[in-house]
Amino acid sequence: EPLTRRGAGGGESSDDGEAAADGAAATEHNALLAAGRPAPRETASVSVVTGWTFSALVVLALWVLVTVVRESGAFANAEQSSMVNTILASSRHSHRFKILQEDFSPDSIFVYNHSVIDTLEEQLVSETASNLRDIAEDEAHHYHLLKNETRQLSSLPRTSDAMYNALYTRKRYLMYSPSGGFNNQLICLVNAMVLARRFKRILIVPGNGRHSNLFHSYLALRQDEIVPMDHTLNFQHLEKVARVSLLPLNITMNEFYLENKGRMRVVNLPKEGLMKPKDPTVYKKIFSIARRTTKQVLYLRGRFFTARWLKKALWENARYAPYLQELAMSVHNDFFNHSFNAMHIRLGDYATRVVKNGPHDAGNYLRDAVAMGFQPHVPVYVASEEGRANPYFDPLTRYFDTVVFQEDLIRHPVTRRWLIDYTMRTPSTAIRNDLFGLIEQLICTRADMFLGSRVSTFSKTIKIMRGHLSASVPDLYDDIMYRVQNNKRVNLRRSGSHRWNSKHGPEDSVDKIV
């Protein structure tokens, strides 16, 4: 704005020289404004402001660029996650993976990042009087696995709303020691549910670990060798049937123990285990300790596998998770087109015994299958630790027109998409192969006829599931009931067990379906 001349006519300054100087400066300022040029001081001010504005704009542009790059990646991951969740949500209410039948791009849909870096810094304490020396040895031996560990986590859908690993102050808990393969771990879980209900405690359920010998081997499992049990079993159904609350773990038992050992009362089970203890009073002692302890967590540590508290009704209702059910349904409906037979041939840990004692091929299995009524033109699914390349299966491949192994399932486009999704969701090859045994059990349960191995809890679980379809595979039960009510053809369902080195044929019977 134009400046007024200070002291001119107003007498604001008593110094005539100062007034004259001010007047001259004002005149010069006004002349520069009239010519459209800024005053010298204003020019310097505008230069400084312009420099700061430019720097701020550059910084703002860089920040916006970085934010856009980050948000685009996050949006892509969120979009993938939303798409997969939509697929899973739709699959829970349908008998077919409808969305997967469209164009499929592994890079755009089934991309998961399971790695989580987690550092555990906790001082080990050894003053717990109830702990034995081997507990301290376990802590020392496995502590390095918990420090700076890169975790591979399962992303299979959950069946429980409970917060993982969370102990609430006013609640009391029971924890047990699983071991063996999944079917032995399931038997341990059923026993523990019975005890938890009697003790009026919430049951802490360790993860489904890969096959291990005894509980020490289970405790040595890494994070990527374990899948939370609510990823494999339908916890909502199990809690309703057992009338007991279940708390799943998504960390190793060793880590959970180290974090909560101060809250635990450890009961060290006999070295020979609970199946045939030397002292029969051990069962009463466990109940006595459970009544007297004031600790929040009662931990039954040791060889817990037993049939002492095994309730068959609970075992029959151990329904597998919907995701696994849908995958097996795809094999049934899409790969086999509804009709097939199945066998479980136990080799694996029995391979050496088979080679030594014979028979050296599956001829006896073939004899028992034919005796049960297996027809050459009906496809046969073989669940086994070995594959088609093993000459042990030559009698089967020569007699039956179609023999299918796990490795063959990827040939069908729909089952291939399921298997790719399953592979991306499981943390490691070790647990992935073990976990696929559950899917094979569901496949065998859906078969018209099934021949299993007598010395196997794997086969025994299948026979139980086949005899109680309403609990184990409800969609198949509904289909059979619909066919019966509408006078449609229903294939005869039989289950049998091969008896090693027996000349009397299989133990078989007609399946119940209720």
Side-chain angles (χ1 to χ4, degrees), residues 81 84-85 88-89 91-92 114 116 118 120 146 151-178 182 185-209 218 221 223-265 290 295-301 304 309 311 314-315 317-325 425-427 431 435 438 471:
S81 177
V84 172
N85 289 335
L88 293 175
S91 69
R92 292 191 188 100
H114 304 300
V116 179
D118 187 11
L120 175 66
L146 306 179
R151 310 245 181 107
Q152 300 297 320
L153 304 179
S154 166
S155 62
L156 293 171
R158 296 191 63 189
T159 61
S160 170
D161 297 329
M163 183 179 296
Y164 284 132
N165 321 317
L167 298 181
Y168 295 95
T169 305
R170 297 185 179 181
K171 303 291 185 179
R172 302 204 307 164
Y173 300 86
L174 172 68
M175 188 167 71
Y176 63 99
S177 301
F182 171 78
Q185 294 176 40
L186 178 59
I187 292 175
C188 292
L189 171 60
V190 172
N191 279 282
M193 285 192 297
V194 174
L195 291 182
R197 186 179 174 187
R198 293 187 182 180
F199 297 159
K200 297 181 180 179
R201 290 175 175 260
I202 298 172
L203 181 61
I204 299 173
V205 184
N208 175 13
Y218 180 89
L221 294 177
Q223 183 70 51
D224 63 351
E225 297 175 315
I226 295 176
V227 170
M229 194 65 83
D230 67 331
H231 289 190
T232 57
L233 290 176
N234 191 329
F235 267 36
Q236 294 178 353
H237 174 75
L238 204 54
E239 288 180 324
K240 182 179 179 180
V241 173
R243 289 181 289 176
V244 63
S245 298
L246 304 177
L247 172 63
L249 301 183
N250 70 341
I251 57 177
T252 64
M253 277 192 68
N254 225 35
E255 181 174 356
F256 183 80
Y257 169 75
L258 292 175
E259 291 178 351
N260 300 281
K261 60 184 300 183
R263 306 179 182 185
M264 293 188 181
R265 171 67 166 98
K295 290 289 186 178
Q296 186 180 12
V297 180
L298 178 65
Y299 177 18
L300 303 181
R301 183 184 184 279
F304 183 71
W309 304 290
K311 294 294 184 181
L314 291 182
W315 195 1
N317 279 274
R319 183 182 299 174
Y320 292 173
Y323 180 89
L324 305 182
Q325 298 269 9
R425 288 177 176 274
T426 43
I431 186 61
L435 190 59
L438 278 66

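Only heavy atoms go into these numbers, but all of them, side chains included; no hydrogens, no water, no symmetry mates.
- Using a 4.5 Å cut-off on side-chain heavy atoms (C-beta onward), Leu189 and Leu233 make contact.
- Contact detail for Tyr218 and Pro206: the closest heavy-atom pair is OH-CB, 3.4 Å.
- No side-chain heavy atom of Arg197 sits under 4.5 Å from any side-chain heavy atom of Trp309.
- The shortest side-chain heavy-atom distance between Leu195 and Leu300 falls under the 4.5 Å cut-off.
- The side-chain hydrogen bond (donor to acceptor under 3.5 Å, both in side chains) pairs that include a residue from residues 166-178 number zero, where partners must be two or more places apart or lie in different chains.
- The backbone N or O of Ala471 lies less than 3.5 Å from a partner atom in the side chain of Arg319, making a donor-acceptor pair.
- Closest approach of Ile226 and Pro427 over heavy atoms only: O-CG, 4.2 Å.
- Expressed to the nearest 0.5 Å, how far CG of Leu324 lies from CG of Leu156 amounts to 7.0 Å.
- Side-chain contact between Ile431 and Leu221 is absent, with no heavy atoms from C-beta onward closer than 4.5 Å.
- Taking CG of Leu174 as the reference point, atom CG of Leu247 lies at 11.5 Å (rounded to 0.5 Å).
- When all heavy atoms are compared, the tightest approach of Gln236 to Asp161 is NE2-OD2, 4.2 Å.
- Residues Met193 and Lys311 fail the side-chain proximity criterion, which asks for heavy atoms closer than 4.5 Å.
- Annotation: side chain to side chain donor-acceptor pair (under 3.5 Å) contacts of Tyr320 (sequence neighbours excluded): Gln441.
- A side-chain donor-acceptor contact under 3.5 Å links Arg425 to the backbone of Ser155.
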Given the rule in the side-chain contact (heavy atoms from CB on, under 4.5 Å) test, do Met264 and Phe256 qualify, once you have shown the distances and angles that lead to the verdict?
-> CA-CA 11 Å; Met264 293 188 181; Phe256 183 80; 3.7 Å; yes

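- Taking NE2 of His231 as the reference point, atom CG of Leu438 lies at 13.5 Å (rounded to 0.5 Å).
- You'll find the side chain of Pro178 stays beyond 4.5 Å of the side chain of Phe304, heavy atoms only.
- Considering all non-hydrogen atoms of both residues, Ala192 and Leu203 come closest at CB-CD1, 3.7 Å.
- Atoms CE and CZ, from Met175 and Arg265 in turn, are 13.5 Å apart once rounded to the nearest 0.5 Å.
- Looking only at distances, a side-chain donor or acceptor of Gln223 sits under 3.5 Å from a matching main-chain atom of Asn250.
- No side-chain heavy atom of Thr159 sits less than 4.5 Å from a side-chain heavy atom of Leu238.
- For residues 228-237, the set of pairs meeting the salt bridge (Lys or Arg N to Asp or Glu O under 4.0 Å) definition, not counting sequence neighbours, comprises Arg158-Asp230.
- Taking CG of Leu153 as the reference point, atom OG1 of Thr426 lies at 12.5 Å (rounded to 0.5 Å).
- Glu225 has its side chain out of reach of Thr252: every pair of non-hydrogen atoms, C-beta onward, lies at least 4.5 Å apart.
- Rounded to the nearest 0.5 angstrom, Asn260 CG and Asn165 CG are separated by 8.5 Å.
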